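Counting begins at 1 with the first residue of the sequence. None of the values given here were measured: they were computed from a predicted structure.
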Amino acid sequence: MSNARDVTCRPPQRRALWFFVGLGAVGVGLAVERATYGSTILDLWLGIGVLLALSGVGSLCAVTAEVTADAHGLHFRKLLRRRSVPWADVADLRVRRLHANNPRVHEVRRISLLLRNGRTTLLPLPQAFSGYPSDFDATWEALRALHRAYGTPASDHVPVLSSRTAGRSWAGSLIVCALLLASAGGTACLVPAVASYEQAWKSAAPCPASTPTRERGAWLNRPGETLRNHRRSGGRGAPRPEPPAGP
């Protein structure tokens with residue numbers, strides 16, 4: 001009977017992650033409210049709501065990640081996916097070093113599975129950042145002990161891979177390019193609206209002091225045209241002609 005213990009790995013700081021998930025929910029409500037009832041395209045609160053919503057989605061993906069290992073194999077889940085891999089299908093457990101050659105970014109260590117069919121799978125947990133304490137080494141040794149007890153490792157040493165030795169995947173670069181193109185397209189769509197809005201304010205003129213308060217909103221909504229129509233129609237608040245001088 002093997003003495004290898006079961007392993008359960010969850011993300012640290014779960015309370016902080018759930019807090020940001022709550023902020024993300026608030027951001028979604030704020031973004032929907034401002035998009036529905038906002039008066040301008042460039043709304044500060046709409047941008048804040050979108051940023052909070054994006055941070056909430058990222059936190060939700062992080063807090064729902066989990067990896068467990070027992071005598072039957074590895075079981076890991078993400079936000080929208082669950083998967084189990086028996087030990088018989090695992091050829092080797094490897095340490096993957098991310099950003100190892102980039103001094104501006106902290107190096108990240110993760111565990112990669114090499115399957116019998118030649119495919120590789122990167123486990124969502126555990127993760128170790130350089131310069132920060134973690135239980136990565138202890139979890140790594142516990143997983144290797146389970147693999148030796150219930151599987152057949154392809155190597156006795158600890159394989160360590162970096163971006164150079166593992167090869168680069170085109171999927172990440174394709175996603176980054178798609179995001180950049182989407183951002184550029186969104187910015188290009190906003191340029192005519194921003195230019196038109198700026199031109200309208202440049203052509204605006206102040207309304208007369210005698211304009212009633214309830215009518216001043218029209219001057220703000222369509223400043224240039226409202227001013228011309230207001231003066232042409234001789235409506236309320238239009239400048240009154242000076243009385244002729246007496247003889």
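Atom CD of Glu141 has more than 12 neighbouring heavy atoms from other residues, nucleotides or ligands inside a 6.0 Å radius. Within 6.0 Å of CZ on Arg10 lie no more than 12 heavy atoms contributed by other residues, nucleotides or ligands. Heavy-atom contacts from other residues, nucleotides or ligands closer than 6.0 Å to CZ of Phe20 number 12 or fewer.
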Intermediate values then yes/no, side-chain hydrogen bond (donor to acceptor under 3.5 Å, both in side chains), Arg83 and Thr121: CA-CA 11 Å; Arg83 186 178 178 184; Thr121 300; 3.3 Å; yes
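For the pair Asp70 (side chain) and Gly73 (backbone), a donor-acceptor distance under 3.5 Å is present. Of the possible donor and acceptor atoms, none in the side chain of Ser134 sits under 3.5 Å from a partner among the backbone N and O of Ala128. Judged by distance alone, with hydrogens and angles left aside, the side-chain atoms of His75 form no donor-acceptor pair with the main-chain N or O of Val67 at under 3.5 Å. One N or O on the side chain of Ser55 and one on the backbone of Leu52 form a donor-acceptor pair closer than 3.5 Å.
Note that the OG1 atom of Thr64 and the CH2 atom of Trp18 stand 7.0 Å from one another [nearest 0.5 Å]. Taking CZ from Arg82 and CZ from Phe76, the interatomic distance works out to 12.5 Å, rounded to the nearest 0.5 Å.
Paired with Leu74 under the rule side chain to side chain contact (heavy atoms under 4.5 Å, CB included), one option of Thr68, Val7, Leu146, Leu143 passes, and it is Leu143.
Contact of the Arg34 side chain with the Val50 side chain is not registered, since no non-hydrogen atoms from C-beta on lie closer than 4.5 Å.
With sequence neighbours left out, the side-chain hydrogen bond (donor to acceptor under 3.5 Å, both in side chains) criterion links Thr8 to no other residue.
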